[in-house]
Amino acid sequence: MTLSIWRYSHLALAIVSSAFLLIASVTGIILAFDPIANSIESYAIDDIEEVTLAKTIHVLQERYDELITLEIDEHDAIIATVVTKEGNSETIYVDPLTGKKLGVPVEKSDIIKFATNLHRSLFLKGIGRFFVGFVSFLLLLLSITGTLLILKRQGNVKRFFSKIRKKYFTQYSHIILGRLLLIPIFIIAITGVYLSLEKFSLLPAKVISHTIHTNHSSATRRVLPKDFELFKTIFLTDMRSVEFPFSDAPEDYFIVKLSNRELIIDQYTGTIISEEYYPLITLASYWSLALHTGKGSAVWSVVLLISCCSILFFIYSGFSMTIRRIKKSSISNFNHNKDEAEYIILVGSETGSTFAFATIFANALSALGKTVFISELNNYCRYKRAKHLIIFTATYGQGEPPTNAKRFEKNVKAIQPINQLQFSVVGFGSLAYPDFCKYALDLDTLLKMNPKFESILEPCKINNQSFTTFKEWAMGWSSQMGLDLYITPPEKEKVDKVTFSVIDRSDINEDDTFLLHLKPHNNMDYESGDLLAFYPKEDNVRRLYSIGKVNGNIMLSIKKHEFGICSTFFSQLEKGDKIKAVIQQNTTFHFPANKKDVIFIANGTGIAPFLGMITSYPLGDSRVHLFWGGRNTSSVLLYNEYIKKAQETKHLSTVKIIYSQELGNKMYVQDQIEKEASFIASVLKNGGVIMICGSIAMQKEVIKVLEKITATYLSEPLQTFKQQKQIKIDCY
Ligand SMILES: Cc1cc2nc3c(=O)[nH]c(=O)nc-3n(C[C@H](O)[C@H](O)[C@H](O)COP(=O)(O)O)c2cc1C
């Protein structure tokens, strides 16, 4: 739910600011070229950091009649206002070593003037400046909400820069560019806000006031500026400007502005009359302007240029993602009026995929001539002719509803249905989360409490949008209703697949299980516990396999099923064959960092991610304990090599292999866990983590035992440890 709050805030900010941001970015792009062009044709000379103010004043005074001002521009070129020997007053670029005239400052081009005005005030003077300042503030908020969205998506701060799962180009590039340009855009925004506040005099004053005592300059012998000890210690790179005394009168001084302070200097002796350091606000103004405009650094100007271009891209990609999301969750036009329909389908969805399933189901009902109305859960109301209610909903957060379902509970308590409604709830979720499909289950319980709702099927839980489970539920539902529904597979999902080469495949053992080793063709970032998604061409329905990362490559443990499309295909692969698949991050099932004890519980092929973890992880001080359940003593042979090696290298502290089919010693993993209840409890008590991978049946039994253990030994429900992320589950 928090995800959607940030997403909606991000979107709302983008909508409000996009037109202004468009103008600001385009003009920003034009303006970014100015410092780049200036630095190319700059009059700066090399080694300026070695030239003293005394030296430059000396050469200039020799060459010109009078010096009025001296300043250094953002490209380290020296500009002097002088009176020439011919009596002309000129402002010129000079060589600080020889005093020679190098050129004259040129006026900004019309296009730069135009862009500057538009960028600063939209040609609307004060009100325009206000808008520009406000848009800078919105850009600041956009960069903050964008950062939060990335953090939410990546799971935690440490994974901020980890690989992003590529769904489609605009989404992928929006996130990648967002991460890269976050800091420059943040700087553009915050300095923009600062400069606007300054323009409206909303910042503290930054004027320096000098205290000058008038009894100075009683010196009898005049020291020439070239001999001022002070000027010999000031290098041009530290200088910002020098104003020369207006006349020979002792009350006229040198005013020297340095990078951090301002000095008033006696023109006769060269001594400091007054010295004032700039207040923080002056430095902040200086740096805001420099950072916002790129003046003084061609490299930073290029960064600003790229950032402005990327803001334009963000506007495009952000809106394109929103339109795509709206389309995905939009309701088809087969919809009947809510009061005409016999079948009401209500959907709770955050990113739209649940709508796709609801639409397939609604289409199938429509094809049978049924009147269907489909809407969001939040829109629940009275339906005149409705007899059936089917709810499809995802779960978010810790068993929370998606945003478009938040009001359902309140509404359903307040609005009694007109007719008796037969209902069924289908939950969409992921076993990677401890509260698998919890919101759907809560809704089912809620409706069951109301006699106006009649449950006709137990709630169905669908993991990772499995079409197979969905179809099974739909078949069960239709036979219950006496209907002959035809469920069509979803349209082929467009995913960017990567090529993998088979580097090894083991023989199939007595349990029909084998190991498959794959090497990705591209450099990819994945960890043990991530998932390999494979889409067989026969049905294009995604199958997920838990990855063990072994020697930098992927190791899968696969059980060949008699009619399994995928497992059969994989079992026939030979070394050198190529397949296309997608790696899905599964951050909630990565090896936990800095834990004293980690317990792995697995059965069958569920051991694969754990083999990866014990083989290639730097486990630090963690002690790892493996409980694995197989059929008989030959089942473990497939994994022996990895287990033995991990024991030798002390990556595994304890290994408990349990056999369910071994004569005279039949046991299941949960039985062994129960036997070692006090050890399991002590690990949980000391903050250790339990990771479970394997079949759902095993998971259920293990969870039951763990619930018993935590209640008996720790007087806490297992839920407490789930919430503390001490229980990680990836079962299928
Ligand atoms: C941030 C986030 C939190 C999630 N939390 C849960 C959860 O607590 N329980 C669960 O079963 N699934 C959870 N899921 C998985 C989604 O419910 C699942 O992917 C669902 O199919 C998404 O449906 P939608 O595309 O219609 O929103 C979560 C997914 C995300 C991205």
Side-chain angles (χ1 to χ4, degrees), residues 1-8 10 148-156 159 164-165 167-168 171 175 321-322 324-331 345-362 374-378 390-406 408 425-444 459-470 473 490-491 493 495 530-531 533 541-542 544 582 584-589 696 699 703 719 722-725 727-732:
M1 200 175 74
T2 37
L3 181 76
S4 56
I5 290 172
W6 294 122
R7 183 178 293 144
Y8 285 125
H10 196 67
L148 290 170
L149 278 173
I150 299 177
L151 278 175
K152 286 258 149 211
R153 158 177 286 276
Q154 295 297 82
N156 60 44
R159 295 195 58 84
I164 301 280
R165 187 184 148 208
K167 273 194 184 162
Y168 50 95
Q171 174 252 17
I175 303 171
M321 279 156 69
T322 307
R324 198 182 154 113
R325 199 169 286 128
I326 292 169
K327 269 192 190 160
K328 214 175 165 191
S329 61
S330 72
I331 293 154
I345 300 174
L346 295 181
V347 186
S349 171
E350 195 74 61
T351 57
S353 61
T354 307
F355 265 106
F357 285 92
T359 310
I360 293 174
F361 184 71
I374 172 166
S375 185
E376 299 181 349
L377 270 164
N378 273 348
I390 305 100
I391 292 178
F392 295 87
T393 186
T395 294
Y396 279 86
Q398 286 173 348
E400 288 170 53
T403 317
N404 71 351
K406 270 194 304 181
F408 178 73
V425 178
V426 186
F428 288 81
S430 162
L431 279 161
Y433 294 89
D435 296 302
F436 178 46
C437 290
K438 182 166 182 301
Y439 179 63
L441 303 182
D442 289 350
L443 280 195
D444 188 72
C460 167
K461 293 183 277 179
I462 296 183
N463 180 32
N464 286 338
Q465 297 148 23
S466 155
F467 180 73
T468 317
T469 322
F470 167 72
W473 168 83
E491 276 176 34
E493 198 186 341
V495 277
D530 283 338
L531 302 164
V541 176
R542 183 184 62 175
L544 293 172
V582 179
Q584 286 192 5
Q585 277 182 0
N586 190 15
T587 47
T588 51
F589 205 69
I696 297 273
Q699 177 203 328
I703 291 289
Q719 186 62 15
K722 282 186 180 171
Q723 273 164 3
Q724 290 165 4
K725 299 199 166 59
I727 310 286
K728 291 170 170 260
I729 303 173
D730 188 22
C731 292
Y732 33 83

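Start at 1 with the first residue, then count along the sequence. Start at 1 and go down the list; that is how both ligands and their atoms are numbered.
In summary, the atoms of ligand 1 found under 4.0 Å from a heavy atom of A394, numbered by their order in the structure, are 17 (O), 20 (C), 22 (C), 23 (O), 27 (O). Here is the list of ligand 1 atoms found below 4.0 Å of a heavy atom in F436: 11 (O). With ligand atoms numbered from 1 in the order given, ligand 1 contributes 17 (O), 21 (O) to contacts under 4.0 Å with heavy atoms of F428. Residue-ligand proximity, E350 to ligand 1, at heavy-atom distances under 4.0 Å covers atoms 24 (P), 26 (O), 27 (O). Near G429, the atoms of ligand 1 lying under 4.0 angstrom from a non-hydrogen atom of the residue are 10 (C), 11 (O), 12 (N), 17 (O), 18 (C).
A distance-only check finds a donor-acceptor pair linking the side chain of E350 to the backbone of T403 [under 3.5 Å]. A donor-acceptor contact shorter than 3.5 Å is absent between the side chain of N586 and the backbone of L531. T393 places no side-chain N or O within 3.5 Å of a backbone atom of A440 that could act as its donor or acceptor partner. The closest donor-acceptor contact from the side chain of S466 to the backbone of I462 lies at 3.5 Å or more, if one exists at all.
Remark: among candidates V347, T393, D435, the nearest residue to atom 9 (N) of ligand 1 is D435, based on non-hydrogen atoms. Of all the listed residues (F357, Y396, Y439, F355), Y396 holds the heavy atom that lies closest to atom 27 (O) of ligand 1. Compare T588, N404, T395 by their heavy atoms: the one nearest to atom 6 (C) of ligand 1 is in T395.
With values rounded to the nearest 0.5 angstrom, I729 atom CD1 is found 5.0 Å from K722 atom NZ.
Remark: D530 engages H590 in a side chain to side chain donor-acceptor pair (under 3.5 Å) (not counting sequence neighbours).
Residue T354 comes nearest to A394 through the heavy atom pair OG1-CB, 3.8 Å, listed as atom of the first residue, atom of the second, then distance. Across Q465 and F357, no two heavy atoms sit closer than the pair O-CZ, 3.3 Å.
Residue contact check for ligand 1: P402 places no non-hydrogen atom closer than 4.0 Å to it.
Taking distance alone, with nitrogen or oxygen atoms compared against 3.5 Å, G348 stays at or beyond that limit from ligand 1.
Residue contacts with ligand 1 for Q465 involve side-chain atoms from C-beta outward but no N, CA, C or O (heavy atoms, distance under 4.0 Å).
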